[in-house]
Undergrad: 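There's a structure below that I have some questions on.
First listed ligand is number 1; within each ligand, the first listed atom is number 1.
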Amino acid sequence: MHELTQSFIFEAAHTLNRAYLADPAAVLGSKRIHGHSYRALVTVRGIADPTTGMLLDLHTFRQQLHTVQSQLDHHLLDEVADLGPATLENLTQYIWRQLQPTLASLYRVTVERVLTGDSCSYYGT
Ligand SMILES: Nc1nc2c(c(=O)[nH]1)N=C([C@H](O)[C@H](O)COP(=O)(O)OP(=O)(O)OP(=O)(O)O)CN2
Ligand SMILES: [Zn+2]
């Protein structure tokens with residue numbers, strides 16, 4: 001069994017309404033429009049074709065990721081349809097929904113906030 005992963009970067013802004021936290025500044029900060037640098041890692045899983053030696057051609061894989069990247073990069077995520085609050089959790093599920101119809105062997109979507117070290121993974125269920 002192989003896992004093949006490709007990643008892409010996107011820079012985007014959002015707001016987030018958070019339940020009251022111990023730190024009111026964090027609540028206020030998230031309500032204001034602010035940005036993050038994100039990295040998405042998409043993994044497909046399966047058995048490589050013995051003839052081609054490939055699970056999926058990387059060019060094809062990258063083309064499909066580019067489509068999703070263009071829906072998120074330099075966007076105000078609050079305006080992205082079908083996303084909901086732009087949490088890491090929702091971003092992983094959004095990317096999964098965009099890719100699943102054409103990536104039969106989709107296994108995992110991870111979204112990281114590069115600078116803060118936060119990361120979330122989604123496995124489709
Ligand atoms: N489970 C989640 N919690 C939070 C998310 C998320 O995606 N999933 N996102 C946020 C906000 O996007 C926030 O901008 C990032 O949180 P954080 O790095 O904690 O920043 P704070 O505003 O809390 O201030 P720091 O001083 O940097 O901690 C919040 N929660
Ligand atoms: Zn944020």
Side-chain angles (χ1 to χ4, degrees):
M1 186 65 73
H2 291 93
E3 289 185 6
L4 188 66
T5 298
Q6 279 201 340
S7 65
F8 62 89
I9 299 289
F10 62 99
E11 314 270 355
H14 76 130
T15 62
L16 191 68
N17 289 318
R18 296 162 85 174
Y20 182 75
L21 301 173
D23 178 0
V27 174
L28 186 59
S30 295
K31 285 186 189 300
R32 281 195 292 264
I33 291 182
H34 61 281
H36 297 289
S37 296
Y38 296 90
R39 182 168 74 136
L41 300 97
V42 179
T43 300
V44 293
R45 191 167 189 249
I47 296 170
D49 180 307
T51 308
T52 64
M54 297 180 198
L55 180 52
L56 168 68
D57 189 305
L58 288 170
H59 179 75
T60 306
F61 198 1
R62 192 168 302 283
Q63 276 184 321
Q64 298 198 37
L65 297 193
H66 182 71
T67 303
V68 183
Q69 182 184 30
S70 64
Q71 295 165 357
L72 299 171
D73 192 34
H74 284 74
H75 277 67
L76 175 57
L77 297 178
D78 300 40
E79 297 173 348
V80 175
D82 188 34
L83 173 58
T87 59
L88 293 174
E89 293 90 334
N90 280 346
L91 282 164
T92 59
Q93 289 184 270
Y94 174 86
I95 293 169
W96 181 284
R97 286 196 299 271
Q98 303 306 310
L99 293 173
Q100 202 274 328
T102 54
L103 270 185
S105 51
L106 184 58
Y107 174 67
R108 176 178 57 239
V109 175
T110 298
V111 176
E112 301 173 337
R113 284 201 185 100
V114 178
L115 298 180
T116 56
D118 302 319
S119 176
C120 180
S121 293
Y122 181 69
Y123 292 84
T125 51

Undergrad: Looking only at protein heavy atoms, which one is nearest to atom 5 (C) of ligand 1, and what is the separation?
TA: Arg113 NH1, 3.9 Å
Undergrad: Using a strict 4.0 Å cut-off to heavy atoms of His14, name the atoms of ligand 1 that fall inside it.
TA: 12 (O)
Undergrad: Under the 4.0 Å line, does any protein heavy atom show up next to atom 28 (O) of ligand 1?
TA: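 No; the ligand atom in question lacks any protein heavy-atom contact below 4.0 Å.
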Undergrad: Find out whether Leu58 and Leu4 are in side-chain contact, i.e. whether some heavy atom of one side chain is under 4.5 Å from a heavy atom of the other.
TA: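 Of all side-chain heavy-atom pairs linking Leu4 with Leu58, at least one is under 4.5 Å.
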Undergrad: Protein heavy atoms near atom 7 (O) of ligand 1, is at least one of them under 4.0 angstrom away?
TA: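 At least one protein heavy atom is under 4.0 Å away.
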Undergrad: Does Arg62 have any salt bridge (Lys or Arg N to Asp or Glu O under 4.0 Å) partners at least two apart in sequence or in another chain, and if so, which?
TA: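 By the salt bridge (Lys or Arg N to Asp or Glu O under 4.0 Å) rule, Arg62 matches no residue at all.
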Undergrad: With a cut-off of 4.0 Å, which atoms of ligand 1 are near a heavy atom of Arg18?
TA: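 By the 4.0 Å cutoff, the relevant atoms are 21 (P), 22 (O), 23 (O), 29 (C), 30 (N).
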Undergrad: Do you know which two heavy atoms are closest between Ile95 and Ala40, and how far apart they sit?
TA: CD1-CB, 3.9 Å
Undergrad: Evaluate whether atom NE2 of His66 has more than 12 neighbouring non-hydrogen atoms of other residues, nucleotides or ligands under 6.0 angstrom away.
TA: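 Atom NE2 in His66 is not crowded, with 12 or fewer foreign heavy atoms closer than 6.0 Å.
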Undergrad: Can you find a protein heavy atom under 4.0 Å from atom 23 (O) of ligand 1?
TA: yes
Undergrad: According to a hydrophobic-cluster definition based on side-chain heavy atoms being under 4.5 Å apart (Ile, Leu, Val, Met, Phe, Trp, Tyr only), do Leu55 and Tyr107 belong together?
TA: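 No, Leu55 and Tyr107 fall in different hydrophobic clusters.
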Undergrad: As an exercise, identify every atom of ligand 1 less than 4.0 angstrom from a heavy atom of Glu89.
TA: 1 (N), 2 (C), 6 (C), 7 (O), 8 (N)
Undergrad: Kindly indicate whether atom 1 (N) of ligand 1 is approached by any protein heavy atom to under 4.0 angstrom.
TA: yes
Undergrad: Is any side-chain heavy atom of Leu91 less than 4.5 Å from a side-chain heavy atom of Leu72?
TA: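 Yes - at least one pair of side-chain heavy atoms lies under 4.5 Å apart.
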Undergrad: Leu16, Leu88: one ILVMFWY side-chain cluster at the under-4.5 Å cut-off?
TA: no
Undergrad: Does Thr67 reach the side chain of Gln98, with side-chain heavy atoms less than 4.5 Å apart?
TA: no
Undergrad: Nearest heavy atom to atom 4 (C) of ligand 1: which of Leu88, Thr15, Asp23, Leu16 does it belong to?
TA: Leu16
Undergrad: With heavy-atom distances below 4.0 Å as the criterion, list the atoms of ligand 1 near His34.
TA: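 Checking each atom against His34, I get 12 (O), 14 (O).
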Undergrad: Which atoms of ligand 1 have any heavy atom of Asp118 under 4.0 Å away?
TA: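 Contacts of ligand 1 toward Asp118, numbered from 1: 18 (O).
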Undergrad: Return the residue, atom name and 0.1 Å-rounded distance of the protein heavy atom closest to atom 13 (C) of ligand 1.
TA: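 It is Ser30 OG, 3.8 Å.
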Undergrad: Tell me the angle that NE2 of His34 and NE2 of His14 form around the Zn ion (ligand 2), rounded to 10°.
TA: 90°
Undergrad: Answer yes if Phe61 and Tyr122 sit in the same cluster of Ile, Leu, Val, Met, Phe, Trp and Tyr residues linked by side chain heavy atoms under 4.5 Å apart, and no otherwise.
TA: yes
